[in-house]
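Below is one structure, written out as structure tokens; comments come after it.
We name chains A, B, ... by the order of the sequence lines, and we start the count at 1 in each one.
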Amino acid sequence: MSTEPMQVDTDVLVIGSGAAGMYAAIEAARAGCRVFLADRSLIGRGGATVMAQMTVAVALGEEVPDHWSHHYQDTLTAGRGLCSEPLSQLLCERGPECIREMDSWGVGWARRNGHIAQAFAPGHDRARCVYVDFLNTGPAVSKTLRSVTHKTPGIRRAGDLCVIDLLKADDEVCGAVAWHVDSGAPVVISAKATVVATGGLTRLYRRNSASANMGGDGYALCLRANAPLIDMEFVQFFPIGHLAPRLIGMDPIMWDPFRYKLGGRLLNANMEEFTDRYGVPEDGKYVITRDVGTYAILKEVEAGRGSPHGGAYLSFQHIPEARLREAFGPVIDRLAKNGIDLTKMPVEVAPIAHYHMGGVAADANMQTEVPGLLVAGEAVGGANGANRLSGNAITEALVFGREAGRSAAARAKKLNATPAGAAQETIDLIRSDGPKDAPNPAAMVQELQAVMADDVGPLRTATSLARALSRIDELAAALGERPFGRQGKFDMQRLEWFDLRNMATVARAVTLAAQARTESRGAHQREDFPEMVPQWRVNQLIRLREGRLDITRAPAAALEAAQ
Amino acid sequence: MTETATLKIWRGLDRGEGHWDSYAVPFERGQSVLDGLRWIRINQDPTLAIRFSCINANACKECMMELDGETVYACTARLEPREMTLSPLHNKRLVRDLVTEIAPPAERFKG
């Protein structure tokens, strides 16, 4: 039976319904466009936004006087010379407008003495980060935007719709072919402009802090549509991800807010503070940036001074219980249910894959090299260089989302008709049944995560990277050309096959970029090239050409006029 | 001797034609039911369908199902070394196995 696939026709297609995607949808709809917002999971529930625990960096000047140019300087410093300055500027300069608009929509930023409270976070020169208590920033941001997308006329929303390939006609993107997970059927979406807001790639790693759907699919979609990726070697590890004892119902990055509010002491197996050995004495304050924190913990473990499960201790034992309760009220009870009393015991923490600095190359209008294809949020590479500041991720999601929505609407209004893209190949892929003796794709995902964690983690060598590449190649070969599982409802083997197809490509991109960069900078640490080298103050761009990934170098984009 | 949690899971595409599969999962303290389900998919049966996104933060609220007849989030329900019966939400449209249609009507794809 070969019927015509289901068709959707829209002005603007937005792929992904985290903060970036939802803000893009709202902005394009406000400009008068018909918007189709698709998510492979449920609308506003998957992705990274909903996982954000606390900080959103923005120069509001509510807590102390501030100006976006100070936030910008801190962003560039954290980025270790590799930030794309126009993108960093956009993030910092437009952040306040978006944060205040979120406030007007009722997100509920925490307030103190009648003003929006702003907390200090490592790498910032002053208290700059707004938040929603307790550990509720991400859920509040998601819920608010979800409710605005509901109220804004012109936005059609569709969950369980997993985009398999972008559609192209005459070298321009004109929509996408999606797989409706619920029914197993293909769906062809024609759009005058397409925004990829699919987030990052943290699912490539064994221990990660993001949702199960953050496998870098947007990067692979854009590569296959001929858009280059930038800075793919820079994967941010969050240094103090929860390690032990096991916790139920708590996010592994929950210790970040604890450190913002209470400081806390990071200790090795001998119960000594150790970050001073790596150039950053903390003395009970939270000042260490993520790249240095990750390096320091891994090096202590390597020297035999790690905690029992292979990380460091984080202790709040010196903080009185009354202060713990004041800062985190209900969270203290959730910890108690898990058998944790912070006044009596430290917890164990270790680096965990958290965010991707790299992504799709775009200009400050969020336009990629390919007409019709825009990006937003974490899917965009370059704004944060070699290391992202705490708090910049939600800000970038909001600002870049709004900008992408605006640019997409401008293009959609200029075009009269949408050309029909070449959809048949992807439709055939979705309409094929898999081999009977296919391997277990859930186990293959786990294997890929082990390869990336062990050999392409925060500390890398030529040997580990070469080993990873050959294992990624083996894995890609085992995937073959046809999706596993069968046509039909909610076949997770099929979903994992489509995911692995993208994950293998993206894993290869990260590994090749890491192999080529023979220096250490920010989140990319080469054990065999431990120094930061001035000549390497360049971005690496990756393109897919005839099935191969090619790398070129370009100097980081600078602003024309100095501030 | 290691302890075992037995997960007895409803399987099927149609309420009238389902069956139960039982899986023995190595039990470790501090695991959630979702950890057990993910272990089954990786180690025993990748055809088992479950809906989840955030894994363990209780943020996405996608992993709703019934445990011994009570509605739970699989990520916050503790795995226990006994037989635990898992079934799809009885008041939602069944998609497959433990997956039901939980999105509000305005957020579903209609072809």
Ion pair A:D39/A:R45, N-O distance below 4.0 Å: no
Once you round to the nearest 0.5 Å, how far does CZ of A:R157 lie from CD1 of A:I43? 7.5 Å
Shorter than 4.5 Å, heavy atoms on both sides: which option in A:R494, A:Q7, A:Q446 has the most such pairs with chain B? A:Q446
Give, as side chain, backbone, both or neither, the part of B:V95 having an atom under 4.5 angstrom from any heavy atom of chain A. both
Using non-hydrogen atoms and a 4.5 Å limit, figure out which bit of B:D35 sits close to chain A: side chain, backbone, both or neither. side chain
Answer key: most heavy-atom pairs under 4.5 Å with chain B among A:A48, A:P245, A:G249 is A:G249
Less than 4.5 Å to any heavy atom of chain A: does that hold for the side chain of B:R29, its backbone, both, or neither? backbone
Selection from B:P46, B:A77, B:S32, B:P104 maximising heavy-atom pairs under 4.5 Å formed with chain A: B:P46
Less than 4.5 Å to any heavy atom of chain A: does that hold for the side chain of B:R41, its backbone, both, or neither? both
So for A:M492, is it side chain, backbone, both, or neither that comes closer than 4.5 Å to the heavy atoms of chain B? both
Using a strict cut-off of less than 4.0 Å between a Lys/Arg side-chain nitrogen and an Asp/Glu carboxylate oxygen, indicate whether B:R51 and A:D160 qualify as a salt bridge. yes
Can you say whether B:L34 sits under 4.5 Å from chain A via the side chain, the backbone, both, or neither, judging by heavy atoms? neither
Would you say that A:F238 contacts A:S209 through its side chain, given a criterion of any heavy-atom pair below 4.5 Å between the two side chains? no
Please state whether the side chain, the backbone, both or neither of B:I40 comes within less than 4.5 Å of a heavy atom of chain A. neither
Measure B:E101 against the heavy atoms of chain A and call it side chain, backbone, both or neither at under 4.5 Å. side chain
Are A:L335 and A:F258 side-chain neighbours, meaning at least one heavy-atom pair lies under 4.5 Å? yes
In sequence, state the C-alpha distance, the side-chain angles, and the governing distance for A:N208 and A:T202, and then conclude on side chain to side chain donor-acceptor pair (under 3.5 Å). CA-CA 6 Å; A:N208 69 67; A:T202 36; 4.8 Å; no
If you count heavy-atom pairs under 4.5 Å between each of A:V50, A:D182, A:T149, A:L247 and chain B, which one has the most? A:D182
Between B:K110, B:R38, B:R93, which has the largest tally of heavy atom pairs under 4.5 Å with chain A? B:R93
Side chain, backbone, both or neither: which part of B:C75 has a heavy atom under 4.5 Å from chain A? backbone
So how far is it from A:W497 CH2 to A:Q493 CD, rounded to the nearest 0.5 Å? 13.0 Å
Greatest number of heavy atom pairs closer than 4.5 Å to chain A - which of B:S53, B:C54, B:A106: B:S53
Could you tell me if the side chain of B:K8 sits less than 4.5 Å from the side chain of B:D68, heavy atoms only? no
Would you mind checking if A:R40 and A:D217 are paired as a salt bridge, meaning a charged N to carboxylate O distance below 4.0 Å? yes
So do A:W255 and A:H242 actually touch side chain to side chain, heavy atoms under 4.5 Å? yes
Angle class for the B:F109/A:F36 ring planes (parallel below 30°, perpendicular above 60°, tilted otherwise)? perpendicular
Partner chain A: residue of B:K61, B:R78, B:R108 with the largest heavy-atom pair count (under 4.5 Å): B:R78
Max heavy-atom pair count under 4.5 Å with chain B, selected residue of A:S17, A:A443, A:P139: A:A443
